[in-house]
Amino acid sequence: MYLACGSTDMRKSIDGLAALVQESFHLDPFSPALFAFCNRERDKLKLLYWEHNGFWLYYRRLERGFWWPDTSDSKTLVITRRELNWLLDGLPLNQPKAHRRVTAKKVV
């Protein structure tokens with residue numbers, strides 16, 4: 001998942017967001033990745049996703065705003081689905097009390 005840092009013009013449709021992914025972020029909008037965009041007020045979210053023969057565009061409006069990273073050195077930020085859920089719940093990306101991902105590949 002790629003998160004577009006800062007705000008995005010929510011008047012953009014599928015074509016506008018796909019062009020933004022390709023031209024500004026230098027990423028492939030047809031890749032099996034989800035691209036997340038947020039408006040300036042931090043209360044509207046759009047998710048763009050390509051599935052074998054067309055784009056999905058998910059739109060969500062929250063009654064209260066949520067935390068979203070501002071523009072930093074990079075225009076995009078790679079996040080996990082879990083981190084996206086944190087954002088939608090109004091939490092920042094760094095959750096110090098969350099369990100870390102287990103990387104062990106052996107039981108014994």
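The structure presented is a predicted model; accordingly, all values stated were derived computationally and were not measured.
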By side chain to side chain contact (heavy atoms under 4.5 Å, CB included), which residues pair with Glu63, not counting sequence neighbours?
Arg61

Are Val78 and Met1 packed together at the side-chain level, in the sense that at least one heavy-atom pair is separated by less than 4.5 angstrom?
no

Taking the side chain as C-beta and beyond, is there a heavy-atom pair between Glu51 and Asn53 under 4.5 Å?
no

Spatial distance of atom [atom1] ([X]) from atom [atom2] ([Y]) [nearest 0.5 Å]:
{"X": "Lys75", "Y": "Leu20", "atom1": "NZ", "atom2": "CG", "value": "8.5 Å"}
{"X": "Leu47", "Y": "Phe37", "atom1": "CG", "atom2": "CZ", "value": "9.0 Å"}
{"X": "Leu48", "Y": "Thr8", "atom1": "CG", "atom2": "OG1", "value": "11.0 Å"}

Aromatic ring proximity Phe55/Phe30, centre distance under 6.0 Å
yes

Determine yes or no for a side-chain-to-main-chain donor-acceptor pair under 3.5 angstrom, with [X] supplying the side chain and [Y] the backbone.
{"X": "Lys46", "Y": "Met10", "answer": "yes"}
{"X": "Asp43", "Y": "Arg64", "answer": "no"}
{"X": "Trp68", "Y": "Glu41", "answer": "no"}
{"X": "Asn39", "Y": "Arg42", "answer": "yes"}

Within a reach of under 6.0 Å around CH2 of Trp67, are more than 12 heavy atoms found that belong to other residues, nucleotides or ligands?
yes

For Ile79, which of Leu84, Leu34, Asn85 qualifies under side chain to side chain contact (heavy atoms under 4.5 Å, CB included)?
Leu84

